There are 2 protein chains.
Amino acid sequence: MTPGVGRNTDAPAPRSADVAHLAGVSRKTVSRVLNNEPYVSDEARRRVLEAAEQLGYRLNHAARALASGRTRTIGVVALGTAGYGTASLLVHIEHAVRDAGYALRIVNTPDGDPKSIAGAVETLLEQGVDAIVVSEPVVEGEVSVRVDVPVLFLGAPPAFTAARTLTVDIAAHQLARAATEHLLDLGHLTVHHLAGPLRWYASKDRLEGWRAALTARGARKPPVVEGDWSPASGHAAGRELASDPDVTAVFAAGDEMAIGLIHALREAGRRVPQDVSVVGFDGNSVFAYITPPLTTARQPFQAAAREGIRRLVHTIEKPDTDLPPPIDPPIELILRGSTAPPPPHQG
Amino acid sequence: MTPGVGRNTDAPAPRSADVAHLAGVSRKTVSRVLNNEPYVSDEARRRVLEAAEQLGYRLNHAARALASGRTRTIGVVALGTAGYGTASLLVHIEHAVRDAGYALRIVNTPDGDPKSIAGAVETLLEQGVDAIVVSEPVVEGEVSVRVDVPVLFLGAPPAFTAARTLTVDIAAHQLARAATEHLLDLGHLTVHHLAGPLRWYASKDRLEGWRAALTARGARKPPVVEGDWSPASGHAAGRELASDPDVTAVFAAGDEMAIGLIHALREAGRRVPQDVSVVGFDGNSVFAYITPPLTTARQPFQAAAREGIRRLVHTIEKPDTDLPPPIDPPIELILRGSTAPPPPHQG
DNA sequence: TTGAAAGCGCTAACAC
DNA sequence: GTGTTAGCGCTTTCAA
């Protein structure tokens, strides 16, 4: 029963013609069966499947792509290095893509500036993809590529123009706002913000959510501190903020920066959460097990990936019909131990 | 200068024949230039490149693959969910693959049992790849697939037989041994072990490194506790171990399990590192910023990915020449604050 | 150093 | 329901 057993290993791989011959049908019928097309008798279908199995037949995707003009592959431009966020999003994208019956090509771009993104897109287009996913691109200038396949921008507005452009929000703005409001609700007079690199769209988005919350409550808007997503940058920011006694609450744009920040605060003798409250951003569950457990805003990576790929595949396969209505991603703030009411006011 | 500007967007994409025509050469010469083959005059090369640029020409990989039988693509069977280890390895593989001039296809397999791996390999083979990378497969039964491309097993022995099989070690055994020895050197009478799922090869490898260290020193071998890589499983294991006063040192097979473990120990009133020392495994730098900072064994992901892809590409391109000699991956134990000498003996 | 012809394995369009 | 014919865009002979 093991496919290929007994077949001479040096023999050329079987082609659809071999299957057709063995099944006693034409190549076209084989093709129909393999593509689940209608108008094939059950009997023919059965014989084809049996013959394919018996020969250990594997369809040649390159030939199919060449003949059909479609690759059944989705390309992803992944951003940044091995952070939890990127990795998590990628896993969910892979899953959604495979569920949809597509293959996945990935190109990573350590820095997501327009030029690198353009290069990555160009690479994917040349490799052959039916659509492209760009995750959280950095905004800063225009990307100029000729793109004739649909493009999905995850968690950011379009960074370049394509034939068909889709956008799926990851609700970062609302999450940032919810995180900030949580701190204000606890009684903090204001909330400081440790942002990601400000040239990243993701950073701006979170920053605006934070700012919107402060504006809505009429709270003072302290200057923003800029990090680079790394725990080291959070640590550096923490040293700075620790020296300012007015700082009682900080919203960090990433969990890892939050961890570095908390470490610096404690080194400076400021307790978390008794003296300073900290909220992170991402939702990595490992930070539930540190001391103090990190309160954080969970990004709905899975929902966003599913929804995005669903819309993308729809655009590939039924370009003329309307897209299904968007599903709003869930907003989830995970309350743990790093936040508390502010310390009593020290005249 | 922008490629494609001014070209009618609805016009068919230019083919190599169009480039040949514009450059005044044959299609074969265009092909030679694009593949960096010898025997092309500088003049012809220049004209071809210029024409390609002018037309915004993009080579069709599907056609090339069909004609040449080579895809210039490497497929990766990625294991597990979004852990730091997997993600980090993947990023380094992507980098190495791209440096080598290859494209990347990825199939993820949440559980790495033989059947899932066989399915993933089959999928990649059908999509078309020149080689396959299998990262840290689980051992448990045989995988039966007919594989006629070279396969690289990263951090584990071959999980199935292929035409050509390569192996690159991630030095987990040595790292586990070094981690255990570090604890013994501090004066601990023995070291407990929190392992990953024992059906994973990676778990067994680390377990054996731990056991080898104990054997070499003639230390008692306590029963192994089994986790599932998650911080929650580390936490559960920690509750168990905390109740045993003989436990003064634990080597955890993953950083995240170590974090959960430490949390449980502290909840039970056992201080880390004063009462119990803990060493993790992976090397995620964020855990340098928690309290206490985690001592851990850093896995040489980058070195292993580079070395593995280098050997794989050699096997694809020069199958008849000898492989370059293997480069031993570096062993790196990162000493931080979660380890200390054992507490004074309590008669 | 270059080119002409043949064909990679599949699907599209159209006949039956 | 099924088969026939003609390519998809490239590389591979092999000849010049």
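Note: hydrogens, waters and symmetry copies are ignored here, and every other heavy atom, side chains too, is used. These numbers were taken from a predicted model, which means no experiment stands behind them. The sequence lines fix the lettering, A, B, ..., with proteins before strands; numbering per chain opens at 1.
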By side chain to side chain donor-acceptor pair (under 3.5 Å), R46(B) pairs with (sequence neighbours left out) E43(B), E50(B)
Residues at least two apart in sequence or cross-chain that pass side chain to side chain donor-acceptor pair (under 3.5 Å) with E136(B), listed by chain then number, are none
So salt bridge (Lys or Arg N to Asp or Glu O under 4.0 Å) across residues 16-34 of chain A, not counting sequence neighbours, yields R15(A)-D18(A)
Residues D169(A) and P329(A): closest non-hydrogen pair is O-CG, 3.8 Å
Students should find that the nucleotides of DNA chain D closing off the region near chain B, any atom under 4.0 angstrom from a heavy atom, are dG9(D) to dT12(D)
Interatomic distance, OG1@T73(A) vs NE2@H61(B), rounded to 0.5 Å, equals 12.5 Å
The correct set of residues in residues 28-42 of chain A placing a heavy atom under 4.0 Å from DNA chain C is K28(A), S31(A), N35(A)
Heavy-atom nearest pair, R64(A) first then L34(A), reads NH2-O, 4.2 Å
Ordered by number, residues from residues 59-69 of chain A within less than 4.0 Å of DNA chain C (heavy atoms) are L59(A), N60(A), A63(A), R64(A), A67(A), S68(A)
| said: For F153(B) and Y201(B), I'd like to know if the aromatic rings sit close, meaning centre-to-centre distance below 6.0 Å. | reply: no
Residues at least two apart in sequence or cross-chain that pass side-chain contact (heavy atoms from CB on, under 4.5 Å) with A131(A), listed by chain then number, are I74(A), P150(A), L312(A), I316(A)
By side chain to side chain donor-acceptor pair (under 3.5 Å), R310(B) pairs with (sequence neighbours left out) E307(B)
- prompt: Within the pair S16(A) and dC10(C), is there a side-chain N or O less than 4.0 Å away from OP1 or OP2?
  reply: yes
Residues passing the side-chain contact (heavy atoms from CB on, under 4.5 Å) test with L90(B), sequence neighbours excluded, are V76(B), A78(B), I106(B)
In short, salt bridge (Lys or Arg N to Asp or Glu O under 4.0 Å) pairs touching residues 88-98 of chain B with sequence neighbours left out are E94(B)-R98(B)
If each end axis of the helix from dT1(C)-dA16(D) to dC16(C)-dG1(D) is fitted on five C1' pair positions, the angle between them, to 10 degrees, is 20°
With sequence neighbours left out, the residues meeting side-chain contact (heavy atoms from CB on, under 4.5 Å) with T161(B) are none
